[in-house]
Participant: 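If you scroll down you'll find the structure; I have some questions about it.
One-based numbering along the sequence shown. What's counted below: heavy atoms across the whole structure, side chains too, no hydrogens, waters or symmetry copies. Fair warning: this is a prediction, and the values are worked out from it, not measured in the lab.
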Amino acid sequence: MHPAPSRLVSASAVVLFDAPAGQAPGPGWLRIAGDRVVATGHGAPPHTADEHVDEGILVPGLVDAQVNGAFGHDVAEAGGAEMADIAQRLPRTGVTAWVPTFVTAPVEQLADRLRRYRALRAELARDDRPRARLLPAHVEGPFLAPTRSGAHRAEWLCEPTPPRVALLVDAGGEDLGYLTLAPELPHAEAAVTALVDAGVRVSLGHSEADAATVHRAADLGARLVTHLFNAQSPLHHRAPGVVGAALADDRLTLGLIVDLHHVAADAVRVAFAAAPGRVMIVTDAVASAGMPPGEYRLGGVDLVVQEGQPPRRADGVLAGSGARMDESIGRAVSVGVDLVTAVRAATAVPARALGHTELGELRPGALADMTVLDGTRCAAVPPGSPAAVARETPASPPALPGRSGILTRVAREIPASSPVLPGRSPLVCCVARETPRRSAPATGRGTRPGPGGDPLATGASRVENP
């Protein structure tokens, strides 16, 4: 078998695996053979590149570790066509790999959803159309503290008894990536051990646990914390709770929703400062993500989304977000997180935490999934080449301190015929901002598209200045 032909890609600004935090991205290059990066370097390429990214910042494809839904589809209720639709649209937000999240339901229902998800992943693996990679799923609940249930249905919460845990493990197999539970519940320690022994990562969340209980769960193998600060015992100087223990325990990777509704700007800064290299940006997106205001669903719960606000239940409780990963990077930068650190929190950190070390970094041996973040125009290759992507310049580019091109609104995807994108992989996204457009209120539940039939064009999700 002949080796795959290689192509050289250069960029005026690129975040390679060894980019120093705290410094603005500089020029660099990478060589791609097949679907893999085989060499990288800083500065000018060794010879004229086959493609050059002149505008924007070339970064690894974004990895979202917690997606409850998007584009009008609720993961809990979605069929194969709806799941495929989410996967095909997510690259427009820079996401090249994602973790579907199944929220609290009766254990038998969750097991059935995991079985269907296994079949779906196997089916889509045989389909070479470009889409964001579906990673093993996340089950959030039903083993949660009733006092910290958030938007989860309290009547379905239960203890993680061995038979219940075994049912989910057997149903999910290798397609169950991680499970969120409250470590203070009866049977929780045995559940953590059983899950870890089965190869399922354990995340701590929706919990009243004290710090000692969190550290004990980490001793047993728990390695993640679900949406830090939200639905968990807070930090007090004499009772550190889940938040304090999570920030202090170097073994834990911390999911963080950076929409500036779930977590305030100062708390975002605290998390990144206290846990360097351990914060992973997640959207916790629900069906309203990429859609106009209206009514949506989350695991059997009705949600209402008002203009400029996150999704809420009828009683006002926050219920996931309408955030995008590309915008979340912009928000992190806007509150003082340096760009390279923010990018890694959306790429390398979640990829490592979930065990997908071939994702999230532009380094030799990694999958060559890439995204171009650009707040003014979109061009992944020189104009006129076969892979050229239309440029579009907004009327008012985003205002961020320093480089403004991080905050993004709309994305275009390099077509499968691109020489950078042979067949299914790597997936190359090109992200650009456009002037938001107000759409009419949604009717029904998660079914009304934006202008031109593209939900992303509605501008329904807005960035707020902290």
Participant: For Val165, what residues pass the side chain to side chain contact (heavy atoms under 4.5 Å, CB included) criterion, not counting sequence neighbours?
Facilitator: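 Val165: side chain to side chain contact (heavy atoms under 4.5 Å, CB included) contacts with Phe143, Pro160, Val169, Ala191, Ala194, Leu195.
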Participant: When you measure from the side chain of Glu82 to the backbone of Gly79, do you find a donor-acceptor pair of N or O atoms at a distance under 3.5 Å?
Facilitator: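 Judged by distance alone, yes, a pair lies under 3.5 Å.
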Participant: Kindly indicate whether a cation-pi arrangement holds for Arg89 with Phe71, taking the cut-offs as under 6.0 Å to the six-membered ring centre and within 45° of the axis.
Facilitator: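 Yes, Arg89 lies over the aromatic ring of Phe71.
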Participant: Do Ser233 side-chain atoms and Ala209 backbone N/O form a donor-acceptor pair below 3.5 Å?
Facilitator: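 Flag set: sc Ser233 to bb Ala209 pair under 3.5 Å.
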Participant: Can you list the residues that meet the ring-ring contact (aromatic ring centres under 6.0 Å, His included) rule with His152, with sequence neighbours excluded?
Facilitator: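 By the ring-ring contact (aromatic ring centres under 6.0 Å, His included) rule, His152 matches His206.
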Participant: Mind checking what makes side-chain hydrogen bond (donor to acceptor under 3.5 Å, both in side chains) contact with Arg223, not counting sequence neighbours?
Facilitator: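 Partners of Arg223 by the side-chain hydrogen bond (donor to acceptor under 3.5 Å, both in side chains) criterion come out as none, since no residue qualifies.
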Participant: Answer yes when Arg313 and Asp302 have at least one side-chain N-carboxylate O distance shorter than 4.0 Å, and no when they do not.
Facilitator: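 Result for this pair is no, no salt bridge flagged.
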Participant: Would you give the length of the straight line joining atom CG of Asp369 to atom CZ of Arg36, rounded to the nearest 0.5 angstrom?
Facilitator: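 Taking CG in Asp369 and CZ in Arg36, the distance rounds to 9.5 Å.
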Participant: Residues two or more places apart in sequence or in another chain: which of them pass side chain to side chain contact (heavy atoms under 4.5 Å, CB included) with Pro60?
Facilitator: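 Pro60: side chain to side chain contact (heavy atoms under 4.5 Å, CB included) contacts with Val343, Thr347, Leu362.
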Participant: Sub-3.5 Å donor-acceptor pair from the side chain of Arg363 to the main-chain atoms of Thr40, do we have one?
Facilitator: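 It does not hold such a pair.
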Participant: Please list all pairs passing the ring pair (Phe, Tyr, Trp, His ring centres under 6.0 Å) test where one or both residues lie in residues 319-358, with sequence neighbours left out.
Facilitator: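 Pairs touching residues 319-358 that pass the test: none.
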Participant: Without swapping roles, check the side chain of Arg113 against the backbone of Ala76 for a donor-acceptor pair under 3.5 Å.
Facilitator: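 Such a contact is found between Arg113 side chain and Ala76 backbone.
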Participant: Apply side-chain hydrogen bond (donor to acceptor under 3.5 Å, both in side chains) to Asp249 and list each qualifying residue two or more places apart in sequence or on a separate chain.
Facilitator: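 Testing Asp249 for side-chain hydrogen bond (donor to acceptor under 3.5 Å, both in side chains), a comparison that skips the adjacent residues, returns His215, Arg251.
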Participant: Could you work out, with side-chain hydrogen bond (donor to acceptor under 3.5 Å, both in side chains) as the rule, every residue matching Asp112, not counting sequence neighbours?
Facilitator: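 Residues passing side-chain hydrogen bond (donor to acceptor under 3.5 Å, both in side chains) with Asp112: Arg116.
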Participant: If the condition is ring-ring contact (aromatic ring centres under 6.0 Å, His included), which residues does Tyr178 pass it with, not counting sequence neighbours?
Facilitator: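 ring-ring contact (aromatic ring centres under 6.0 Å, His included) check on Tyr178 returns His138.
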Participant: Between Ser203 and Thr226, is there a donor-acceptor pair closer than 3.5 Å when you use the side chain of the first and the backbone of the second?
Facilitator: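 Such a contact is found between Ser203 side chain and Thr226 backbone.
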Participant: Provide the full list of salt bridge (charged side-chain N to carboxylate O under 4.0 Å, His left out) pairs with a residue in residues 151-168, sequence neighbours left out, each pair given once.
Facilitator: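 Those involving residues 151-168 are Arg153-Glu155.
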Participant: Using salt bridge (charged side-chain N to carboxylate O under 4.0 Å, His left out) as the criterion, list what pairs up with Arg216, not counting sequence neighbours.
Facilitator: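 In terms of salt bridge (charged side-chain N to carboxylate O under 4.0 Å, His left out), with neighbours along the sequence ignored, Arg216 is linked to Glu189.
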Participant: Can you name the side-chain hydrogen bond (donor to acceptor under 3.5 Å, both in side chains) partners of Ser207, sequence neighbours left out?
Facilitator: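 side-chain hydrogen bond (donor to acceptor under 3.5 Å, both in side chains) list for Ser207, sorted by chain: Glu184.
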Participant: Working to the nearest 0.5 Å, report the span between CG of Leu62 and CD1 of Ile281.
Facilitator: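 Here the rounded value is 9.0 Å.
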Participant: Between Asp175 and Arg121, does any NZ, NE, NH1 or NH2 come within less than 4.0 Å of an OD or OE carboxylate oxygen?
Facilitator: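 Between Asp175 and Arg121 there is a salt bridge, with a charged N closer than 4.0 Å to a carboxylate O.
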Participant: Closer than 4.0 angstrom, basic N to acidic O: yes or no for Asp259 and Arg331?
Facilitator: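 Judged by the 4.0 Å cut-off on N to carboxylate O distance, Asp259 and Arg331 do not form a salt bridge.
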Participant: Give me each pair satisfying side-chain hydrogen bond (donor to acceptor under 3.5 Å, both in side chains) with a member in residues 57-71, each pair once, sequence neighbours excluded.
Facilitator: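 Listed once each, the pairs are Asp64-Thr283, Gln66-Glu140, Gln66-Asp284, Asn68-Asp284.
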